[in-house]
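One-based numbering along the sequence shown.
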Amino acid sequence: MLDRLYRSILSTSSTLIFLLLAIGLIGLSGLDIALRIYPHRLLLIGVGSGLCMLLVASVLILSSRKLSIRSALGDIPKLYVPIHPGDLPKRVHRLIQADLSKSASIASEAQPLPSDLLGRGWGSPNTPQQSLPLRPTLLSTFSLLQQAFAPYFQRPPTYSPRRYVDHLIQMGYIQRDVGRRYIDTYERVRFGNLPVYEEEYTRFMAVFAKVLDSQLQAAA
């Protein structure tokens with residue numbers, strides 16, 4: 001980006017300097033001629049007109065050259081990049097190929113591995129949790145818990161999840177250690193706003209299965 005801006009400034013400034021030098025030289029030449037032929041008015045008018053036409057022609061030539069260069073660059077197909085051996089000198093081609101190979105190597109190494117995605121809250125490929133959003137699924141278990149234990153104790157609106165689980169523990173529907181492990185993990189994930197790892201999710205679902213098993217034992 002900076003290199004392109006530098007080339008644009010250099011090209012514009014060099015063209016402007018050339019124009020100023022040309023105008024200055026033509027002006028000095030015209031002034032010298034005008035002083036020499038000043039007594040001859042008709043000749044002075046003719047020479048002055050010729051100098052003006054020369055000046056206009058110079059500007060037009062320079063402008064047309066600039067426009068022709070831009071037009072030629074614009075006609076180059078954008079999808080074609082001259083990087084083939086026949087387009088460039090061998091040394092330049094080798095340099096470009098080396099840079100392209102380096103870029104391809106960096107891009108390949110930068111690709112995330114499936115194991116790197118596990119910490120982002122998704123199940124790994126080729127597992128039962130494939131493409132499963134672990135955190136929302138973990139948090140949804142509390143609704144299932146309420147539905148499972150609703151026949152025994154309906155959760156009051158003023159009860160927090162922890163208070164509700166503690167009440168089920170006190171009533172003997174859930175084992176104390178299982179219930180505490182469940183609600184501790186649930187609240188940490190709910191309020192911690194951290195990604196859930198697959199290993200942690202698997203351990204939690206095992207605990208949740210024991211909670212539901214407690215409900216089945218209570219029903220029996």
Asker: How long is the span from the CE atom in Met171 to the CZ atom in Phe149, to the nearest 0.5 Å?
Answerer: 10.0 Å
Asker: Just to verify, which of Arg190, Arg203, Arg162 counts as forming a salt bridge (Lys or Arg N to Asp or Glu O under 4.0 Å) with Asp184?
Answerer: Arg162
Asker: Please report the C-alpha distance between Val207 and Thr185 in whole Å, then the side-chain angles of each, then the deciding distance to 0.1 Å, and finally whether the side-chain contact (heavy atoms from CB on, under 4.5 Å) criterion is met.
Answerer: CA-CA 10 Å; Val207 173; Thr185 304; over 6 Å; no
Asker: Just how far is it from atom CD of Glu187 to atom OG of Ser160, taken to the nearest 0.5 Å?
Answerer: 6.5 Å
Asker: Using the rule given for ring-ring contact (aromatic ring centres under 6.0 Å, His included), can you reason through Phe153 versus Tyr164, listing the C-alpha separation, both sets of side-chain angles and the distance that settles it, and then say yes or no?
Answerer: CA-CA 9 Å; Phe153 179 68; Tyr164 180 67; 5.8 Å; yes
Asker: Run the side-chain contact (heavy atoms from CB on, under 4.5 Å) check on Arg180 and Ile169 step by step: do they pass?
Answerer: CA-CA 9 Å; Arg180 291 293 170 79; Ile169 292 173; 4.1 Å; yes
Asker: Rounded at 0.5 Å granularity, tell me how far CG in Leu139 sits from OH in Tyr186.
Answerer: 5.5 Å
Asker: Say whether, by atom type as modelled, one donor and one acceptor occur between the side chain of Arg155 and the main chain of Gln146 under 3.5 angstrom.
Answerer: no
Asker: Pair Phe204, Thr141 - check side-chain contact (heavy atoms from CB on, under 4.5 Å), show working.
Answerer: CA-CA 10 Å; Phe204 176 83; Thr141 59; 3.6 Å; yes
Asker: Take Tyr182 and Phe142 through the side-chain contact (heavy atoms from CB on, under 4.5 Å) test and state the conclusion after the steps.
Answerer: CA-CA 10 Å; Tyr182 170 83; Phe142 184 71; 3.6 Å; yes
Asker: At their closest point, which heavy atom of Val196 faces which heavy atom of Leu134, and how far apart are they?
Answerer: O-CD1, 3.4 Å
Asker: Regarding Thr137 and Tyr201, is there a side-chain donor-to-acceptor distance under 3.5 Å anywhere?
Answerer: no
Asker: Kindly compute the distance separating CG (Leu145) from OG (Ser140), expressed to the nearest 0.5 Å.
Answerer: 11.5 Å
Asker: A cation-pi test, strictly: NZ or CZ of Arg163 under 6.0 Å from the centre of the six-membered ring of Tyr159 and no more than 45 degrees from its axis. Yes or no?
Answerer: yes
Asker: Return the CD1 to CG distance between Ile174 and Asp213, rounded to the nearest 0.5 Å.
Answerer: 11.5 Å
Asker: Nearest 0.5 Å, what's the CG-NZ distance between Asp177 and Lys210?
Answerer: 7.5 Å
